[in-house]
Amino acid sequence: MKKIYKLENLDCAVCAEKMKNAIAKIEGVESVDVSFMLQKLTICAPEEKMDEIMKKAAKAIRKVEPDCKILF
């Protein structure tokens, strides 16, 4: 299942790349893209694991940039 989320307070392209790499390591994630220009997170993962994966993704994003939030 592919989902697209808006990001708030993503301040740099380097941080976006770090977020992408961290989220890609989460078990179950099939593909991920974090776009600094569009302020978007695109993630593809099995539907039954999506809630758990998104919690881990939010934690990974806060670790890289504490002010950045996923708008659900």
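- A donor-acceptor pair under 3.5 Å is formed between the side chain of Asn9 and the backbone N or O of Asp67.
- Heavy-atom contacts from other residues, nucleotides or ligands closer than 6.0 Å to CD of Glu27 number 12 or fewer.
- Scanning all heavy atoms of the two residues, the minimum distance from Met50 to Met1 falls at CE-O, 3.4 Å.
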Practice task
Evaluate side chain to side chain contact (heavy atoms under 4.5 Å, CB included) for Leu41 paired with Asp33, printing each intermediate quantity in order.
Solution key: CA-CA 6 Å; Leu41 164 66; Asp33 186 52; over 6 Å; no

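- Side-chain contact between Gln39 and Glu8 is absent, with no heavy atoms from C-beta onward closer than 4.5 Å.
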Handout entry: Test side chain to side chain contact (heavy atoms under 4.5 Å, CB included) applied to Lys56 and Met54, step by step
Key = CA-CA 5 Å; Lys56 291 178 181 178; Met54 289 311 298; over 6 Å; no

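- Using a 4.5 Å heavy-atom cutoff, the side chains of Ile23 and Ile61 are in contact.
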Problem - Worked verdict on Val32 versus Ile26 for side chain to side chain contact (heavy atoms under 4.5 Å, CB included) - result: CA-CA 10 Å; Val32 62; Ile26 297 171; over 6 Å; no

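- Contact of the Phe36 side chain with the Leu10 side chain is registered, since non-hydrogen atoms from C-beta on lie closer than 4.5 Å.
- Taking the side chain as every heavy atom from C-beta outward, Lys69 and Leu7 never approach each other to under 4.5 Å.
- To the nearest 0.5 angstrom, Ile43 atom CD1 is 7.5 Å from Tyr5 atom OH.
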Practice task
Quick one: do Thr42 and Lys2 satisfy side chain to side chain contact (heavy atoms under 4.5 Å, CB included)? Show the steps, please.
Solution key: CA-CA 7 Å; Thr42 305; Lys2 180 179 177 179; 3.4 Å; yes

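- Of all the heavy atoms in Val64 and Cys15, the pair that sits closest is CG1-O, 3.7 Å.
- Going from atom NZ of Lys55 over to atom CD1 of Ile70 covers 12.5 Å, rounded to the nearest 0.5 Å.
- At least one side-chain heavy atom of Met19 sits under 4.5 Å from a side-chain heavy atom of Cys68.
- For NZ of Lys63, the number of neighbouring non-hydrogen atoms (other residues, nucleotides, ligands) closer than 6.0 Å is 12 at most.
- Atom NZ of Lys6 is separated from atom CZ of Phe72 by 14.5 Å, given to the nearest 0.5 angstrom.
- Among all heavy-atom pairs drawn from Gly28 and Pro46, the shortest one is O-CD, 3.1 Å.
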